[in-house]
Chemist: 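Handing you a structure now.
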Amino acid sequence: MDSDKPLRIVVVGGVAGGASAATRARRVNANAEITIFEKGPSVSFANCGLPYHVGGEIKDRAKLLVATPELFWKRFRIATKTEHEVVAIDRGSKTVRVRTTQPSDGPTSPADVTETDVPYDRLILATGAEPIRPPFAREMPENAFHLWTLSDMDRLLKFVHDNTVKRVLVIGAGFVGVEVVEQFHRLGLHVDLVERLPQILTRLDPIFAKIVAKHMESFGVQVLTGESVASFELDGPRAIAARLESGKRVETDLVVIGAGVRPRTALAAAADLTIGPMGGIVVNESMQTSDPSIYAVGDIVEYTNGVTGQKGLNPLAGPANRSGRIAGEHAGRGSSEKMGGVMGTSIVRVFELTAASTGLNEQQLAKSGMAYRTAIVQAASHASYFPGAENMHLKVLYAPQGGRILGAQGVGGEGVDKRIDIMATAMAFQGTVYDLAQLDLAYAPPYGSAKDPIHMVAFAAINDLKEHPRLLPPDADLSGYQIVDVRTERERREMPLEDAIAIEVDAFAERWNELDPTRHTVVVCHTGKRAHVGACWLAAKGFKSVANLT
């Protein structure tokens with residue numbers, strides 16, 4: 001490249017990764033020529049906000065437009081060209097082929113398609129992901145929609161406005177799916193949710209996912225897990241029902257399909273850039289592809305997992321923005337910070353609950369072959385004696401040796417977000433449950449407790465590691481155990497536990513000697529707190545094998 005000429009940076013795609021890359025490149029290089037080519041009509045919009053505009057919580061559509069072409073030029077001198085599709089990369093000549101289509105003058109006139117070759121010195125790919133279209137939706141009924149772009153949202157809202165809609169079928173129970181369920185319920189519509197996997201929200205472990213599903217059902221939502229759509233029943237061009245593989249029939253006036261997304265890597269693959277085993281583009285820590293002049297960011301890349309060190313897809317806005325910033329800086333001046341690991345920290349509001357996770361869940365850890373243990377506590381969002389405290393369940397997954405935090409999940413009301421962010425921060429520094437127990441967290445009754453839920457789950461995990469006592473998971477097989485139920489008579493009556501010996505925790509001092517100290521013993525209560533007291537008492541009395549059921 002002629003050193004007297006400005007560096008030419010071309011960005012393919014906007015939204016999170018592309019827009020972040022372009023603006024960071026400008027901030028580190030005031031002389032570069034920077035151009036964004038965006039296939040769609042909007043260069044930077046808040047796709048995570050789309051469901052909330054559908055439901056009316058975000059009333060003004062314009063609020064979803066993060067930045068306009070005018071702003072990019074006025075503030076950053078970045079040329080932004082919407083409805084310009086990059087269809088090919090010529091790595092030899094360092095050019096991209098850009099296609100534009102002008103509408104025809106009439107029904108008999110062909111559209112005017114123009115293709116132009118644009119040179120680059122540095123190329124940043126931010127083509128994002130696209131919704132998966134399941135086999136039953138290869139031909140989409142006119143009342144079936146994805147919700148991924150502003151155009152998707154506009155078409156969906158127009159249909160709702162122009163037609164009588166009373167029942168909505170949502171297919172897929174990931175983040176978008178459950179957000180859409182909540183928002184259509186907010187509009188007063190009946191909503192059915194169908195998920196082919198055995199649970200909703202697969203980033204959570206099954207027990208936590210079930211808490212969320214039962215909460216949705218309490219609002220009148222029918223949640224059908226382990227069910228696959230076989231076909232649509234049509235009346236003309238519209239779906240009036242879905243036929244499930246089980247034979248069930250679900251009537252509907254409107255269908256929203258959220259069956260997951262996949263990276264848009266066709267452009268990169270055609271340019272012979274290396275694609276990884278998970279289907280994303282392979283990049284280094286500076287977001288460079290196998291061609292060092294070409295970068296890739298966002299949903300199209302395979303990130304390094306912060307727990308396992310393995311590569312994988314993680315279509316989330318946080319990593320997309322972070323990777324865009326790194327690629328933009330490296331492209332603009334030749335050096336940058338390293339991308340580092342991605343934990344997959346995520347959160348969703350589901351009616352009155354918040355569900356959040358970071359790191360790996362049990363299924364992912366088992367698949368990776370990593371040994372792990374778990375602890376779960378139930379705690380209040382702030383001091384329980386201060387008005388407004390809301391309950392939460394908090395889970396930590398950790399290594400049996402050393403207690404390194406491998407993942408965490410939270411479900412509950414206020415404060416779940418704070419605790420998951422603390423977990424994610426600790427994990428970024430290779431933190432352990434011992435580190436969590438030592439954290440100096442802010443406390444005042446309206447905000448937390450002197451022993452925060454973070455401390456409590458860490459204490460439970462440390463007790464488990466020290467076998468004081470060890471923890472059994474909630475789904476453990478208790479066959480052969482001497483089961484001691486320390487709950488009250490009323491609790492036992494409302495939720496009986498078969499084959500258990502009933503000794504209320506406050507009677508342990510008098511009645512512990514009714515138990516057989518030679519047997520494997522597990523102590524059970526509602527949340528594990530009283531069971532911990534009972535298990536400690538038995539261990540101190542010489543029982544050789546005592547556990548607490550989480």
Side-chain angles (χ1 to χ4, degrees), residues 9-23 34-54 58-88 96-107 109-116 118 123-131 133 140 142 144-162 176 180 256-258 261-267 297-300 315 317 320-321 324:
I9 300 174
V10 171
V11 181
V12 183
V15 193
S20 295
T23 51
I34 305 173
T35 305
I36 301 175
F37 291 111
E38 167 57 45
K39 178 182 178 181
S42 303
V43 66
S44 184
F45 66 95
N47 55 355
C48 295
L50 301 183
Y52 301 103
H53 182 62
V54 169
I58 299 175
K59 298 185 183 303
D60 186 356
R61 182 186 184 278
K63 296 289 187 183
L64 299 174
L65 299 174
V66 178
T68 62
E70 292 75 19
L71 177 65
F72 273 106
W73 180 255
K74 185 174 182 180
R75 184 170 297 174
F76 299 106
R77 285 300 187 263
I78 294 172
T80 304
K81 300 181 183 297
T82 56
E83 297 182 296
H84 283 60
E85 181 181 8
V86 174
V87 295
V96 293
R97 180 153 294 178
V98 183
R99 178 182 296 163
T100 57
T101 305
Q102 297 296 327
S104 63
D105 295 331
S109 302
D112 184 13
V113 178
T114 303
E115 292 189 350
T116 307
V118 177
L123 178 64
I124 303 174
L125 303 180
T127 48
E130 62 186 355
R133 183 173 292 189
M140 292 276 279
E142 71 173 22
F145 303 87
H146 294 294
L147 187 57
W148 193 244
T149 67
L150 282 171
S151 298
D152 292 337
M153 182 190 74
D154 292 340
R155 288 192 296 270
L156 173 60
L157 286 174
K158 185 177 188 307
F159 183 89
V160 173
H161 180 268
D162 294 347
V176 174
V180 168
V256 179
I257 301 173
V261 297
R262 59 185 163 215
R264 286 192 177 105
T265 56
L267 184 65
V297 303
D299 297 351
I300 57 173
N321 277 285

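Index from 1, following the sequence.
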Chemist: Decide yes or no on side-chain contact (heavy atoms from CB on, under 4.5 Å) for L157 and V54, but give the supporting numbers first.
Modeler: CA-CA 7 Å; L157 286 174; V54 169; 4.3 Å; yes
Chemist: What's the separation between atom CD in E70 and atom OG1 in T80, rounded to the nearest 0.5 Å?
Modeler: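 Reported value, rounded in 0.5 Å steps: 9.0 Å.
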Chemist: Output the distance between atom OG1 (T101) and atom NE2 (H84), rounded to the nearest 0.5 Å.
Modeler: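 Here the rounded value is 10.0 Å.
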Chemist: What's the separation between atom CZ in R97 and atom CG in L267, rounded to the nearest 0.5 Å?
Modeler: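 If I round to the nearest 0.5 Å, the distance is 12.5 Å.
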Chemist: Would you compute the distance between atom CZ of R262 and atom CD1 of I300 and round it to the nearest 0.5 angstrom?
Modeler: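 So the gap between those two atoms works out to 15.0 Å.
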Chemist: Can a donor-acceptor pair be found between the side chains of D154 and S151 at a distance below 3.5 Å?
Modeler: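 Short answer, no.
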Chemist: Given 3.5 Å as the limit, does a donor-acceptor pair link the side chain of H146 with the main chain of I257, or not?
Modeler: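 Indeed, once roles are kept as given, a pair shorter than 3.5 Å links the two residues.
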Chemist: Under the criterion side-chain contact (heavy atoms from CB on, under 4.5 Å), I'd like the reasoning laid out for V15 against F45: C-alpha separation, chi angles, the key distance, then a yes or no.
Modeler: CA-CA 6 Å; V15 193; F45 66 95; 3.8 Å; yes
Chemist: Quick one: list whatever passes ring pair (Phe, Tyr, Trp, His ring centres under 6.0 Å) with Y52, sequence neighbours left out.
Modeler: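 Testing Y52 for ring pair (Phe, Tyr, Trp, His ring centres under 6.0 Å), a comparison that skips the adjacent residues, returns none.
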Chemist: Looking at V66, is its backbone amide N or carbonyl O close enough to the side chain of S44 to form a donor-acceptor pair, meaning the two atoms are under 3.5 Å apart?
Modeler: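 No: the side chain of S44 does not pair with the backbone of V66.
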Chemist: Please check if the side chain of H161 supplies one atom and the backbone of F159 the other of a donor-acceptor pair under 3.5 Å.
Modeler: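 Answer holds: no.
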Chemist: For F72, what residues pass the ring pair (Phe, Tyr, Trp, His ring centres under 6.0 Å) criterion, not counting sequence neighbours?
Modeler: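 F72 satisfies ring pair (Phe, Tyr, Trp, His ring centres under 6.0 Å) with no residue once adjacent residues are dropped.
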Chemist: Just so I know, are the side chains of F76 and I34 near enough to count as touching, which here means a heavy-atom distance under 4.5 Å?
Modeler: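 F76 does not reach I34 side chain to side chain.
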Chemist: Would you mind reporting whether D152 and L50 have side-chain heavy atoms less than 4.5 Å apart?
Modeler: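 Counting from C-beta outward, L50 and D152 never come under 4.5 Å.
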Chemist: Return the minimal non-hydrogen interatomic distance between P131 and V261, and the atom names on each side.
Modeler: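 Shortest heavy-atom contact: CA-CG1, 4.0 Å.
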Chemist: Could you check I36 against V43 for side-chain contact (heavy atoms from CB on, under 4.5 Å), going step by step and ending with a plain yes or no?
Modeler: CA-CA 8 Å; I36 301 175; V43 66; 3.9 Å; yes
Chemist: Taking all heavy atoms of A126 and all of G17, pick out the closest pair and write down the distance.
Modeler: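 Heavy atoms only, the tightest pair is CB-C, 4.2 Å.
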Chemist: Looking at D299 and P263, what are the two nearest heavy atoms and their distance?
Modeler: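 Taking every non-hydrogen atom into account, O-CB, 3.5 Å.
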Chemist: Enter the distance from L64:CG to N47:CG here, rounded to the nearest 0.5 Å.
Modeler: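 If we round to the nearest 0.5 Å, L64:CG and N47:CG are 9.5 Å apart.
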Chemist: For atom CZ of R61, is the number of surrounding heavy atoms from other residues, nucleotides or ligands below 6.0 Å larger than 12?
Modeler: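 More than 12 heavy atoms, drawn from other residues, nucleotides or ligands, come within 6.0 Å of this atom.
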Chemist: Nearest 0.5 Å, what's the CG-CG distance between L65 and L71?
Modeler: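 Between L65 CG and L71 CG, I get 11.5 Å after rounding to 0.5 Å.
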Chemist: Would you indicate whether the side-chain heavy atoms of M153 and L150 approach each other to under 4.5 Å?
Modeler: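 Yes; the side chains approach each other to less than 4.5 Å.
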Chemist: Of E83, E115, E85, which is the lone residue that meets side-chain hydrogen bond (donor to acceptor under 3.5 Å, both in side chains) with R99?
Modeler: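 Between R99 and the candidates, side-chain hydrogen bond (donor to acceptor under 3.5 Å, both in side chains) is satisfied uniquely by E115.
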